[in-house]
J.: 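Here it is, the structure in full.
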Amino acid sequence: MKIFKRILLLLVITVTIAVIYNYPKLNILAGYSAKNTASSVFIAKRSLEITDKTDNNFSPVNLADDYINENNKSATSSVFGLLTRKAIYREGLGAVLTLSKEDETVLYLSPKRKAPNQTTPYPYGNAAQKDTVFNNIDYNKLNNTVASIFGKRQTRAVVVIYKDQIIAEKYAKGFNKDSRILGWSMTKSVLSTVFGVMQYQQKLHVMDKAPIDSWQNDERKNITIHNLLQMNSGLAWDENYDEISDATKMLFLERDMTKMQEEKPLTGKINASWNYSSGTSNLLSGIVRSKFKTHQEYLDYWYTNLIDKIGMNSMILEADLAGNYVASSYAWATPRDWGKFGLLYLHQGNWNGEQIFAKDWVKYITEPTPTSNGTYGAQFWLNVGGRLKDVPKKMFFADGYQGQRVYILPDQDLVIVRMALSWMDENTFLKGILESIK
């Protein structure tokens, strides 16, 4: 009996130590599951069952048990009953993880939105396009190429737009043209575009020093907005999603996500230390906020001057507990609306006759960041270095976790949107589409 008690005590001590050691990981794991569940159910209008079966079905997130409260629009996730996190849905601002009970009852501002244009044909409105058949397109090859990345490759949607016309469009079961899908880090490209709009309106200039008060007494005062947009500030940041890192702590434990990167020291040389950082994108969201007198103006600006202006009416930018847009990660929109975003760049900032940002902004965001080996511009990814060997080097794209993409091919008058749950052979896919257009 004494031996049994000792073994039992040892087992309890071992389990306790394991729980204490892994508690921070459980916190982030449950946080991811709760946040993703709330967004999927209340923004994308998917069921809890579908969300758990698809979005939350990978290890270790699938260890969490998820629950929905339809009455107060919240989601809770629990890991082995040891730790529970809660996410609440706020109209206009999306879902957010709570850090205290008080967070559930705080009054909040929400952005003013413009009604969708349902009469003008796509892409300048949301009405159906006229049937257009291009003689230079091999539609069989095009459709076969699109179909090839569905099924096991977990593609949810593809939209191919040529000369402003949708020439191919396909959706996985359960998805259609009205389905909102999370763009993840494609949100960074939306953020960059906001800076392009603000510069065009002379509200700022990207070569200005970053207006961060806490940096004014050290070398960080020399960091420009440009350096931040290019992820080339030299600031420390750990973008690791497999462990507890700066990125995971920011997304699942912070009240104001615009501050975490601000507090980091320099560990590299300014303009010569490319380091991908979601914290930098959220710091930039805070800089946008600093340019407006009121928080309401900040919330409205992204929609009235960009998103709703080009008819991306399905888009929802999610905000943190402080009400700042999480510009690193959390923009939802339909695949067709993501296509409109690509078309805005294809047309060098001109939207149906109105200039939204300067034509040379496209040149700016596609200028390779020093030390990025030709792969990164200003919150956009590039093919300048020829990583995709059968794709034009002038192609650039918005890139998000699990294979979200908006590819812009200027010389081919082509925009390609792909939304998914896994990566694919991009070179083969894009090559196939290009070869279908003669």
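Note that this is a predicted model, so its numbers are computed, not measured.
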J.: Please name the pair of heavy atoms, one in Trp274 and one in Thr371, separated by the smallest distance, quoted to 0.1 Å.
T.: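 That closest heavy-atom pairing would be N-OG1, 3.0 Å.
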
J.: Closer than 3.5 angstrom, by distance alone: can the side chain of Gln129 be matched with the main-chain N or O of Ile166 as a donor-acceptor pair?
T.: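 Pair found, side chain donor or acceptor close to backbone of Ile166.
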
J.: Between Glu262 and Ser214, which heavy-atom pair has the shortest distance, and what is it?
T.: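 Heavy-atom minimum between the residues: OE2-OG, 2.7 Å.
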
J.: In this structure, which one of Asn56, Thr51, Asp52 forms a side chain to side chain donor-acceptor pair (under 3.5 Å) with Asn36?
T.: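 Considering Asn56, Thr51, Asp52, a side chain to side chain donor-acceptor pair (under 3.5 Å) with Asn36 is found only for Asn56.
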
J.: Are Asp103 and Lys86 close enough for a salt bridge, meaning some N to O gap below 4.0 Å?
T.: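 Result for this pair is no, no salt bridge flagged.
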
J.: Which pairs, with at least one residue in residues 419-438 and sequence neighbours excluded, count as a ring-ring contact (aromatic ring centres under 6.0 Å, His included)?
T.: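 Residue pairs passing ring-ring contact (aromatic ring centres under 6.0 Å, His included), neighbours aside: Tyr401-Trp423.
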
J.: Tell me the closest heavy-atom pair linking Met198 and Lys291, and the distance in Å.
T.: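 Between these two residues, the closest heavy atoms are CE-CB, 3.7 Å.
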
J.: For Arg85, run the side-chain contact (heavy atoms from CB on, under 4.5 Å) check against Leu29, Ile28, Asn27 and tell me which one passes.
T.: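 Among Leu29, Ile28, Asn27, the one that satisfies the side-chain contact (heavy atoms from CB on, under 4.5 Å) with Arg85 is Asn27.
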
J.: Rounded to the nearest 0.5 Å, how far apart are OG of Ser329 and NZ of Lys188?
T.: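 Reported value, rounded in 0.5 Å steps: 5.0 Å.
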
J.: Is any side-chain N of the basic residue among Arg90 and Glu318 closer than 4.0 Å to the acidic one's carboxylate O?
T.: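 No, Arg90 and Glu318 are not salt-bridged.
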
J.: Show me the pairs that pass salt bridge (charged side-chain N to carboxylate O under 4.0 Å, His left out) and involve residues 327-349, at least two apart or across chains.
T.: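 Found Glu169-Arg336, Asp337-Lys340.
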
J.: Here's one to test your reading of the geometry: is the NZ or CZ of Lys170 within 45 degrees of the ring axis of Phe150 and under 6.0 Å from its centre?
T.: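 Lys170 over Phe150 ring: yes.
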
J.: Distance-only, no hydrogens or angles: does the Thr155 side chain make a donor-acceptor pair with backbone N or O of Ala157 under 3.5 Å?
T.: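 No: the side chain of Thr155 does not pair with the backbone of Ala157.
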
J.: Using a 3.5 Å distance criterion without hydrogens, assess whether the side chain of Ser290 forms a donor-acceptor pair with backbone atoms of Ile287.
T.: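 Looks like yes, one N/O pair under 3.5 Å.
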
